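Report on the following structure.
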Amino acid sequence: MNVVTNNNIKCTIALAALENVIDPEIGLNIVDLGLVYQLDFDEEGKKIFLSMTLTTQFCPMGESITAAAKRALETTFDGEEVILNLTFDPPWNYERISEEGKKFLNY
Amino acid sequence: MFGAFPSGSLVKNTTHKVVVPFYLYAALSFLVSTVLLLLSTEAFTQHYFHPHILALTHGMALGWGTMIILGASHQLVPVLIERSLHSIKLAHTSFWLAAIGIPLLVYGFYVFNMGWPAKWGGRFVLLSVICYFINLCVSISKSKSRNVHAYFVLAATAWLLLTVFYGLSLVYNFTYNFMPKSSVAYLPIHAHTGVIGWFLLLIIGVGSRLIPLFLISKYKNDRLLWIIFFLINAGLISFVLIFLFAPGNSLFMLPVIAVLLGLMLFSAYCYQCYKQRIRKQVDEQVKISLVSVLMMLIPLIFLVSITGLLFSNDISGRMALIYGFIIFFGWITAIILGMTFKTLPFIIWNKVYHDKAGLGKTPNPKDLFKSRIFSLMVVTYVAGFILFITAAALANVLLLNIAAIILIVTAVLYNMNVLTVVNHKAKML
């Protein structure tokens, strides 16, 4: 799923939290869908930087998905500020879907 | 840290308070229209210019089709133009004007009173469409994104405005006789600018965006969509010009061919989207919508076979009635039955779970309606639709009544599921 990070341990915990965020249209979580691009953590343990995308910029559920991703990290990393960067460059493509995700979609 | 990734922006959704009333109004109109259908079965054995048929057609076209499409487009336009809707007040005004105008107009036709009920009904509907058109134009003018889907919606709304204005003129022509011929002679223009200009262009514009989105398709072909846009608009403009200035001319087949070609290309577009989809399992609502794309071709093939008769003023009234029935109860209704349960659950899900998503497992939007009622609705709809066409062709009033009752059941089931979705309360799984 190619998530760039500067802290592998925290990234694993964060991804586990983000697996609870489901794209309601597809029914698949945003990690297996490949929407998470980058997760960085500052050294003071105060800030989390999440860079993610959506399957399309036109996604009507975009607000809910990004809000849910932010909320999932804030709940897991209590007291840390989550800074979310929504990007469409590079745009999402189906090659970002994990093997688990492809099985889920019967692809 | 994030220098490599330029930020994207999210489209602000239109509040459910604007959209949901349109859906509820449309659902009720569908039920009322099916009851009107039962009350008008005798008329289906006569000429299409019958007060009950006019009332039924406007109940279906405005109360059902237009209201739900206006509701959905208030939600979808920001998604298409990547900008929030210009004015929520104008959206509310548009709803209330149409909500008052449509029953007046339908009543005016039903009792054939072309005085104040039809005139005020028409005025209110016209004002409603003007409000929507202004809202759309300002929203698009402020948007940086210019895409083919937005142009489809803009052109469709311009055709709707023209259709409603022309329709109101026809109502006035009953009283003041200012047109060269009687209003009946101009009905084909009014009907086709509405059906092809408004419904077809809008459905293609929005559908070409939503179908790949729902299927998670890799297919994209804006060039093909522009060709379809050109073919349908050119076909419709030439139809109006030929009808007004060269009636009976053999060129009349050109617009029919242009629109038919546009439809075939759109079917090909949908097929490619389907073929190149990532999501292999397609849900029932999308399947119905895809089937309805094919259903677009049925009325047009029907039209080809009766166009000659239309221009020679020797049209079989029954054929024209079946043609109209296929359009409103077939193609448009099939799309709406499918798409309602694809779009409305999302709107309500966003409202109910916006603050709860990410905190635990929530139901999916498709869990917000009852799938058994949905399946039953589809079965009754297909049975009622096929039986009605058969009965209309045979001019059998008993069968027409049975078919109309089956369609009332469809409408009741549809209303039940719409209310189930709208009244959904949050529950974490």
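Just so it is clear, the structure is predicted and the values come from calculations on it, not from any experiment. Numbered from 1 within each chain, the chains take letters A, B, ... in sequence-line order.
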Has A:E44 got more than 12 heavy atoms of other residues, nucleotides or ligands less than 6.0 Å from its CD? yes
Apply the test side chain to side chain donor-acceptor pair (under 3.5 Å) to residues B:Y414 and B:T340: give CA-CA distance (whole Å), side-chain angles for both, the deciding distance (0.1 Å), then the verdict. CA-CA 9 Å; B:Y414 175 85; B:T340 297; 2.8 Å; yes
Cut-off 4.5 Å, heavy atoms of chain A, and the answer for B:I216 is side chain
Can you see whether B:F214 has B:K342 sitting over its ring - NZ or CZ less than 6.0 Å from the centre and within 45° of the normal? yes
Answer yes or no: is there a donor N or O on one side and an acceptor on the other, between the side chain of B:D367 and the main chain of B:P363, under 3.5 Å? no
Going by ring-ring contact (aromatic ring centres under 6.0 Å, His included), name the residues that satisfy it together with B:Y23, two or more places apart in sequence or in a different chain. none
Filtered by a 4.5 Å non-hydrogen cutoff, the part of residues 72-79 of chain A contacting chain B is A:A72, A:T75
Got a sec, which residues hit ring-ring contact (aromatic ring centres under 6.0 Å, His included) with B:H16, two or more places apart in sequence or on another chain? none
Residues in side chain to side chain donor-acceptor pair (under 3.5 Å) with A:N20, at least two apart? none
Please classify the contact of A:I97 with chain B as side chain, backbone, both or neither, using a heavy-atom distance under 4.5 Å. side chain
Of the listed B:I347, B:L76, B:N350, B:I278, the one with the largest count of heavy-atom pairs under 4.5 Å with chain A is B:I278
